[in-house]
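Computed from a predicted structure; not experimentally measured. Counting starts at 1 for both ligands and their atoms, in listed order.
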Amino acid sequence: MNYTSIKHFHIACATLSGGLFFLRGIWMLRESAMLKQSWVKLVPQAVDTLLLVSALTMVIWSGQYPFVQNWLTVKILAVIAYIAIGSIALKRGKTKTVRVYAFIAALATFAYIASVAVTKQVLVLG
Ligand code: HEM
């Protein structure tokens with residue numbers, strides 16, 4: 001497998017991961033029992049693991065390291081924030097209002113991560 005294939009794989013995992021998060025968020029808003037199905041826990045976990053493995057492979061292969069490359073440092077911090085805010089949205093938020101705001105914030109964070117990834121700029125203001 002070459003670098004370009006890994007990168008395409010990483011982008012596919014990122015898209016799928018974001019899509020699955022969005023779907024679970026919609027189910028959370030609708031208070032749907034779909035959220036409780038076992039595959040709804042397992043599949044996103046597997047996709048996120050592949051997303052991370054492909055990310056680490058590219059970090060090593062390309063020699064672009066977090067805490068060396070600013071955009072990667074910011075990307076990792078934003079991913080950590082996204083995971084934390086995302087888990088408030090899908091389960092840890094005590095009230096529906098908290099979960100809804102967390103869902104919106106998590107989607108905005110995801111969009112920021114994607115734009116940092118594409119532009120390799122920390123501030124995406126053009
Ligand atoms: C929600 C999580 C993530 C999303 C949405 C995401 C998204 C993306 C996208 C869209 C690209 C392609 C950019 C381009 O077109 O050149 C990319 C590339 C990359 N990502 Fe991620 N990523 C995520 C997590 C991570 C993490 C956690 C790391 C590091 C530990 C990482 C490291 C990289 C690297 C090294 C590249 C390749 C840069 C290059 O050589 O062009 N990604 N990511």
>> Do Thr109 and Ile85 have side chains that approach each other closer than 4.5 Å (heavy atoms only, starting at C-beta)?
In response: yes
> Does any N or O in the side chain of Arg92 come within less than 3.5 Å of the main-chain N or O of Ser87, such that one atom is a donor and the other an acceptor?
Replying inline: no
> Short question: side chain of Gln37, backbone of Met34 - any donor-acceptor pair under 3.5 Å?
Replying inline: yes
> Ignoring waters, how many protein N/O/S atoms are under 2.8 Å from atom 21 (Fe) of ligand 1?
Replying inline: 2
> Do Leu107 and Phe21 pass the side chain to side chain contact (heavy atoms under 4.5 Å, CB included) test, and can you show the C-alpha distance, the side-chain angles, and the key distance before you say yes or no?
Replying inline: CA-CA 9 Å; Leu107 290 178; Phe21 177 73; 4.0 Å; yes
> Do Tyr82 and Tyr112 make the cut of ring centroids closer than 6.0 angstrom?
Replying inline: no
> Between Phe110 and Phe22, is the ring centre distance below 6.0 Å?
Replying inline: no
> Considering distance alone, does some N or O of Ser62 sit under 3.5 Å from an N or O of ligand 1?
Replying inline: no
> Does any N/O atom on Gln64 come nearer than 3.5 Å to any N/O atom on ligand 1?
Replying inline: yes
> Can you tell me the protein heavy atom closest to atom 30 (C) of ligand 1 and the distance?
Replying inline: Ile76 CD1, 3.7 Å
> Lys7 heavy atoms, cut-off 4.0 Å: which ligand 1 atoms fall inside?
Replying inline: 14 (C), 16 (O), 39 (C), 41 (O)
> With atoms numbered from 1 as shown, which atoms in ligand 1 lie under 4.0 angstrom from a non-hydrogen atom of Lys120?
Replying inline: 16 (O), 38 (C), 39 (C), 41 (O)
> Does atom NZ of Lys96 have more than 12 heavy-atom neighbours, drawn from other residues, nucleotides or ligands, at distances under 6.0 Å?
Replying inline: yes
> When you look at Gln121 and Trp71, which way does the side chain to side chain contact (heavy atoms under 4.5 Å, CB included) test go after all the steps?
Replying inline: CA-CA 6 Å; Gln121 302 287 322; Trp71 72 273; over 6 Å; no
> For the side chain to side chain contact (heavy atoms under 4.5 Å, CB included) test, which of Leu50, Asp48, Leu52 pairs with Ser17?
Replying inline: Asp48
> Among Phe110, Tyr112, Tyr3, Trp61, which residue places a heavy atom closest to atom 1 (C) of ligand 1?
Replying inline: Phe110
